[in-house]
Amino acid sequence: MGNHKLRGKDLKNINYETDKAKSLAIDIMSMHYKHYTKQEKLKVLLDVKNNPEHYLSDPILGVLASEFTCRSLKSKKEVQLLKAPGEFKVFGRKHIADQTYQQMDLAMSLPIAERGALMPDAHMGYGLPIGGVLATRNAVVPYGVGLDIGCRMSLSLFDIAPGYLKRKNYQFKMALKERTCFGSGGVLSIQQDHEILDRKEFTTTPLLRQLHGKAVKQLGTSGSGNHFVEFGEVELVDGHDFGMPLGKYLGLLSHSGSRGLGAGIARHYTGIAREKCLLPNYAQHFAWLNLDTEEGMEYWMAMNLAGDYAKACHDQIHRHLCKYLGIKPVATVENHHNFAWKEKIETGETLVIHRKGATPAGKGVLGIIPGSMTATGYIVRGKGEQSSLSSASHGAGRKMSRAQAKNSYTKSALKKVLSKAGVSLIGGGIDEAPIAYKDLDEVMASQTDLVDVIGRFTPKIVRMDKA
DNA sequence: ATGTCC
């Protein structure tokens, strides 16, 4: 039986390229052709692909056939890219690899692109680079926001000396083990309840109705990859505005996003954008939605819901940890770094500012630029620099790919680095080792025009997903 | 990033 099952790979072999064609094919075959062998199914599908006009009136295969004929008709009215890409400002050029500029050039060749900038931690991503900022007029690029919509930072500051962390080390570790949840599919042991789950937006589209159940299960969880929850030392420095003396305090810092909800929204609307916005193949990831269309307004609404959900997840994490430990924060700093906003720029126009792995840095706006599991990160105050579209980096940026880090580094080497830094790590893996990241201090030196540092955060007990 | 394809 198992070898009757069609996989994406099988479909790719017969030149089923788009996600939509592949998912239609799998649905139709499992529903109406379940007694066919895999070979027979592939034979049917290949013929539909090669001779779609023969199947257009077929009650079952017609919908799939029209996918292929439509494509060939559609390709005649592709969106034209600009011959010369618009200029964009680069911060920290020496930290950024060549392909990243090419990706940004492509972004600035879109007819909707008005302004752009690269942050000093920029590197390649799907569509817009991570660390890329793109300003468009009345249009949103789902992959300009990223798959993890509302990926964000949240810091709680406590009026407690950091020595408390050493004295109550065991309780802090237990709190992280008992009150956070990493990885896919995991569920928190305690009841989650938050008004975000009652938001009426969840009832307004079939997609959001479908994703609501997952949102309920995943509320207050953290996900995987570079996401973390950590306790550490906050050092407030000159120019801070927290109403406390300069010095060191206990802090709680979290990094995560909107989990399956945002991923589902991003996938869905980038798919619609690709159908509506016919870009050449190599630029497909930049497909956009106009904000005055129904789909565009829907994405904007769903994106904002995912952003609020991501915030709710952080709020739950902080609330549950504080309750477990019997402590109360005196201040909070938080910011999205994967999102799009309507913002007025210096000319007085309102543009759609996409920040994909970039920290909002409007004048006086506070944000968090995290380090690695051992490296100190920063609490910053934006300067509202126009040439960066009021943005800054969202971290140090990777120096090594995940695979590269795994191949060139060992567990025992990581243990040494952690113990030297006095950091306890729960979970985590080689691919997130500090050595896989650029030096954040060098990156910060490239953005002194963008932000002022008002505090530092040094991790002490870090929880991440298991590698 | 993601129950990594409905």
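Throughout, protein chains are lettered first and strands after them, A, B, ... in sequence-line order, and every chain is numbered starting at 1.
The residue from Ile368(A), Asp121(A), Asn335(A) that alone fulfils the side chain to side chain contact (heavy atoms under 4.5 Å, CB included) condition with His394(A) is Asp121(A).
Atoms NE2 (His227(A)) and C1' (dT2(B)) sit 11 Å apart, rounded to a whole Å. In this structure, CG of Leu207(A) is placed 14 Å from C1' of dT2(B), rounded to the nearest angstrom. Computed from coordinates, the Arg274(A) CZ to dC5(B) C1' distance equals 13 Å when rounded to whole Å. Look at CZ on Arg259(A): it is 11 Å from P on dA1(B), rounded to the nearest Å. Rounded to whole Å, atom C1' of dC5(B) lies 15 Å from atom CG of Leu64(A). Across the protein-nucleic acid pair, Asp19(A) atom CG and dC6(B) atom P stand 10 Å apart, rounded to whole Å. Atom NZ in Lys20(A) sits roughly 13 Å away from atom C1' in dC6(B) (whole-Å rounding). Summarising the geometry, the separation between CG on Asn13(A) and P on dC5(B) is reported as 16 Å, rounded to the nearest angstrom.
Looking at heavy-atom distances under 4.0 Å, Gly257(A) makes no contact with the nucleic acid at all. Residue contacts for Lys356(A): at a heavy-atom cut-off of 4.0 Å it reaches no nucleic acid atom on any strand shown. In this structure, Lys217(A) reaches the bases: a heavy-atom distance under 4.0 Å links it to at least one base atom across the strands shown. Within 4.0 Å of Arg402(A), counting heavy atoms only, lie sugar-phosphate atoms of the nucleic acid but no base atom. Asn226(A) comes within 4.0 angstrom of the backbone, heavy atoms only, and of no base.
Of the listed nucleotides (dA1(B), dT2(B), dC6(B)), dC6(B) has the atom at the smallest distance from the side chain of Asp27(A). Here dC5(B) is the nucleotide among dC5(B), dA1(B), dT2(B) with the atom lying nearest to any side-chain atom of Lys22(A). Looking at the side chain of Ser224(A), the nearest of the listed nucleotides dA1(B), dT2(B), dC6(B) is dT2(B).
There is a side-chain donor-acceptor pair under 3.5 Å between Gln284(A) and Asn281(A).
Within the cation-pi definition used here (under 6.0 Å to the ring centroid, within 45° of the axis), Lys89(A) qualifies as a partner of Phe91(A). For the pair Arg463(A) and Phe231(A), the cation does not sit on the ring face, since its NZ or CZ is not both under 6.0 Å from the ring centre and inside 45° of the axis.
If you look at Trp288(A) and Phe286(A), their ring centroids are not closer than 6.0 Å.
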